[in-house]
Amino acid sequence: MELLPTIWFIAIAVLWTGYLFLEGFDLGVGMLFKGFARNDTERRVLLNTVGPVWDGNEVWLLTAGGATFAAFPLWYASLFSALYLPLLLVLVALIFRAVAFEYRGKVDNPRWRARWDWAISLGSLVAAFGVGAALALTTTGLPLNANGDREGGPFAWFSAYAVLGGLAVVGFSLLHGLAFLALKTDGDVRHRARQWFVRLLPVLLLPIAGWAVSLQLLSGEIWTVLAVVAAVVAAVLAWNFARTGAEGRAFLSLGAFLLLGSASIFGAAFPVVLPSTLNPDFNLTISNASSSDYTLGLMTVVACIGLPLVLVYQAWTYWVFRRRVSDAHIPEAHSFLPAIAAKALAPKD
Amino acid sequence: MEVTYWGFRMMIGFGGVAAVAALAALWVTRRGTVPASRGLMRLAVFGILAPFGANAAGWIFTEMGRQPFVVAPNPDPSGIDQVFMFTAAAVSPGVSAGELLTSLIVLTSVYAVLLVVEVKLLVKYIRGGVVAAMPELVHVPADGNEDATPKGGGPGKPGDADDVLAFAY
């Protein structure tokens, strides 16, 4: 067994898990802009819970993609080329979501805000679905030929697994967003989030459980099946903690569910990184898709220095913004009109 | 050759202009006041373009300068290796021209839409004056007239013990 490619396979699995744990809740909170939030103040409460942290969370997606590019260039090339159009859609969704966060409050006008609210919720939904579909397909396979190129045209990736994976990440993100809101807000939003969490947990976790179980049927091992069982236990714990009002523990239990579920999925897929649905001989594995040991060794050194730094400053961000946000913390909306400026700049006596 | 020659000089030139403008702005606002000169303000608005000019020129310079390679080879080819990564060989064989065209059109349209929104917002904020961008510069009169502060008061005010957000969206 090759040591360095295995280490980097685990590292990439960890990066994806970290991404889903962190951005999972901000994608979920974004989706909850429609349907959950009842008025503009509530939407601003939602926005301010993720406002200081969402962009830091999104960097984990870049890091996961970047680590794949550097450690397994053939995996990256086949996956990203085969999924060219869906990943373009994810990119557009992420662009609109990101600018919507900033633009939404720049004009004090309900129509303006409504437009960017749609950008936030739809952008979050499409991004979560697309990332989930791509992740599911990298575990279940794409129609790749001997050269690692996609056969069958721009939409050859479309399959039931793509839909299942998309729904899996959308469902998980929604639930994680509810858990985060219950932990991070106060007042009506907090209680409603907890209520929704308890009520919706079984439905929202069904697709991700379906993905994990179907992968066990395809290529599971004893320890990965045990991880699925442990993940179900963690989900039940999360449900019970939320029901009794222990919001912090509910959030952490859902995190444990993700960690175990992700371990069961990546563990079952190992050592294949991207199967070919045309011929198992064309499968990309950690041995035939990885960079040289020299590259991987260098990357290991850089990661050992960089990762602790990232974890420290990201933890610090959450510490700075650790307080709960509620309606009372949202200042009134204000419009920057030249009249206000003129009044304020008038000579003071 | 002309493109890379002038591209590099434009990148450095615009970058230098932006740096000088930033230093000048620091100098004229050193007392925490805003200069009243109209000419200087007009120049400051044009200053917004300088970093964009440097950025665009720099990208065109690198992207055109490295052709026909997708990654430029070692300056001394007899040195470490004999690897030449030509752009023509780097094209993904599995991605169709239609997909590339789609992404080009989609991304250009997205940036065009965002350019319109961004410029409209910039114009709005410039018209609103300095206070529009930095409401914290406004001093609340001592008689407690809360209307004078565009932040609206309430528990979200800076310095309030209950202020959990340094900046509210």
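- By the 6.0 Å contact criterion, CZ on B:Arg9 is enclosed, its count of non-hydrogen atoms from other residues, nucleotides or ligands being greater than 12.
- Within the 4.5 angstrom heavy-atom criterion, only side-chain atoms of A:Asn147, from C-beta onward, approach chain B.
- With rounding to the nearest 0.5 angstrom, the CG atom of A:Leu89 is 12.0 Å from the OG1 atom of B:Thr102.
- Crowding of A:Arg111 atom CZ: a count of heavy atoms from other residues, nucleotides or ligands under 6.0 Å not exceeding 12.
- Taking OG of B:Ser92 as the reference point, atom CZ of A:Arg150 lies at 9.5 Å (rounded to 0.5 Å).
- Contact annotation for B:Val106: only side-chain heavy atoms (C-beta onward) come within less than 4.5 Å of a heavy atom of chain A.
- Interface with chain A: from residues 110-122 of chain B, residues B:Val110, B:Tyr111, B:Leu114, B:Val117, B:Glu118, B:Leu121 qualify, criterion being any non-hydrogen pair under 4.5 Å.
- Counting heavy-atom neighbours within 6.0 Å of A:Phe80 CZ, excluding the residue itself, gives a total above 12.
- Closest heavy-atom contact between A:Asp149 and B:Pro93: OD2-CG, 3.1 Å.
- Heavy-atom contacts from other residues, nucleotides or ligands closer than 6.0 Å to CZ of B:Phe86 number more than 12.
- Using a 4.5 Å cut-off between heavy atoms, A:Leu85 touches chain B through backbone and side chain atoms alike.
- Taking the side chain as every heavy atom from C-beta outward, A:Leu88 and B:Leu107 approach each other to under 4.5 Å.
- Of the two parts of A:Arg104, neither the backbone nor the side chain holds a non-hydrogen atom closer than 4.5 Å to a non-hydrogen atom of chain B.
- Counting non-hydrogen atoms of other residues, nucleotides and ligands closer than 6.0 Å to CZ of A:Phe69 gives a total of 12 or fewer.
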